[in-house]
2 protein chains.
Amino acid sequence: MSGVLHVLLHMAQQPGPFTSETLAKAMDTNPVVIRRIMAGLRELGYVHSEKGHGGGWKLSCDLSKVTLRDVYAALGSPSLLAMGNRTEAPGCLVEQAVNAALGQAFADAEALLLSRLGEVTLAMLSDDLRKRLGSRKIHDIGAHGA
Amino acid sequence: MSGVLHVLLHMAQQPGPFTSETLAKAMDTNPVVIRRIMAGLRELGYVHSEKGHGGGWKLSCDLSKVTLRDVYAALGSPSLLAMGNRTEAPGCLVEQAVNAALGQAFADAEALLLSRLGEVTLAMLSDDLRKRLGSRKIHDIGAHGA
DNA sequence: GTTTCATGTAACTTTATATGTTACATAATG
DNA sequence: CATTATGTAACATATAAAGTTACATGAAAC
């Protein structure tokens, strides 16, 4: 999640296109990993890719319309919580009692988190980033960490 | 977490003591795993253990005073969320912007979850379990899943 | 058209983490 | 002192995430 946003935000600072290799260097990872990540975003139309010379990845969405929750969904909505309910002995009443108590707390927290993510658009993130960049010239994607 | 509560709740139904082996069978795991789990609880005084003949684990706390949050703390407060912030390039402003946005949402969700866990005592869980058991004779810890 | 550059994707390897296991020391009881 | 239990280190296994390699596909340059 954090990594995906990092990529998207980088892309929002320059017109592109960006090759998987370029993005991979910025993220200090492998091009294939980038393609895997971007695949989900492409399916939902947030980015698109082109092959061959001059190809690569481009944003293809209105940043003010896409929330962090949308991005999360594009990743396949992986579990947000580190701990789940045991399901090894579903018939056990002890387990049912435990799951009932934990399940409600977990569900509430997850709902809140999703709601919060839904309030933040990529455009808001991008604006925040530009503020942080301040008067500074927008740094090239190659000059990472500088 | 779920597993620990399972053990504690089982223990709350019978006077004990329970050997690690007994508890391990009920949880379908290994005695050493039980001892590892219980170690944190013992340090906070929620359970205590005795060696040798007739030894084993006993509850040593007021169930109405210990919340699920306390139990969580006894486990070393492991991360509740499945995803954290990237920290690979702390100097990168993009990363800072992403972490600021995600960090707030994560912190809020975590706070809510902790708060919810703090509202539920082991006694409440135990009461709920007894209701579920209904008129049924309290099952022996050996008769798991029945 | 063929060479080059880029994505798409399957298959494999590596790494990290959690869990389970073995072995043995320590302590308490009969 | 033999037995039973915890305490804990060390090792093994299983699982999942991340990284890597290899090669097919498609698009642009020449």
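None of these values were measured; they are calculated from a predicted model. Below, chains carry the letters A, B, ... as their sequence lines are ordered, and counting in each starts from 1.
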Chemist: Considering heavy-atom distances to DNA chain D, does A/Thr29 or A/Gly52 have its closest nucleotide positioned more toward the 5' end?
Modeler: A/Thr29

Chemist: Report, as yes or no, whether the 6.0 Å neighbourhood of atom CG on A/Asp28 holds more than 12 heavy atoms from other residues, nucleotides or ligands.
Modeler: no

Chemist: Checking all strands, does A/Gly54 fall into the base, sugar-phosphate, or nothing category for heavy-atom contacts under 4.0 angstrom?
Modeler: nothing

Chemist: Do the side-chain N or O atoms of B/Ser20 get closer than 4.0 angstrom to the phosphate oxygens (OP1, OP2) of D/dT6?
Modeler: yes

Chemist: Closest heavy-atom contact between A/Ser20 and A/Ile34?
Modeler: O-CG1, 3.9 Å

Chemist: Looking only at side-chain atoms of B/Lys51, point me to the closest of D/dA5, C/dG30, C/dT4.
Modeler: D/dA5

Chemist: Let me know the distance between CD1 of A/Ile37 and C1' of C/dT7, rounded to the nearest Å.
Modeler: 15 Å

Chemist: Please determine whether the number of non-hydrogen atoms from other residues, nucleotides or ligands lying under 6.0 Å from atom CD of B/Glu21 exceeds 12.
Modeler: no

Chemist: CG of A/Leu41 versus P of C/dT7: gap in Å, rounded?
Modeler: 15 Å

Chemist: Would you kindly give the CD-to-C1' distance between B/Glu21 and D/dT4, to the nearest whole Å?
Modeler: 10 Å

Chemist: Can you check the B/His53 NE2 to C/dG30 P distance for me, whole Å?
Modeler: 7 Å

Chemist: How long is the line joining CD1 of A/Ile34 and P of C/dA6, in whole Å?
Modeler: 15 Å

Chemist: Determine whether a donor-acceptor pair (one donor, one acceptor, N or O, separation below 3.5 Å) exists between the side chain of B/Arg42 and the base of D/dG7.
Modeler: no

Chemist: Quick one: which of C/dA6, C/dT21, C/dA10 gets closest to the side chain of B/Val33?
Modeler: C/dT21

Chemist: Nearest 0.5 Å, what's the CG-CG distance between B/Leu81 and B/Leu113?
Modeler: 8.0 Å

Chemist: Would you mind reading off the distance between A/Met83 atom CE and C/dA18 atom P, rounded to a whole angstrom?
Modeler: 11 Å

Chemist: Mapping B/Arg36 and B/Glu50 onto DNA chain D by nearest heavy atom, which one lands closer to the 5' end?
Modeler: B/Glu50

Chemist: Which nucleotide in the list D/dT6, C/dT21, C/dT7 gets nearest to the side chain of B/Trp57?
Modeler: D/dT6

Chemist: Nearest whole Å is fine: how far is C/dT22 P from B/Arg35 CZ?
Modeler: 13 Å

Chemist: Under 4.0 Å between a Lys/Arg side-chain N and an Asp/Glu carboxylate O for B/Asp127 and B/Lys131?
Modeler: no

Chemist: What is the distance, to the nearest angstrom, from the CG atom on B/Asn30 to the P atom on C/dT22?
Modeler: 8 Å

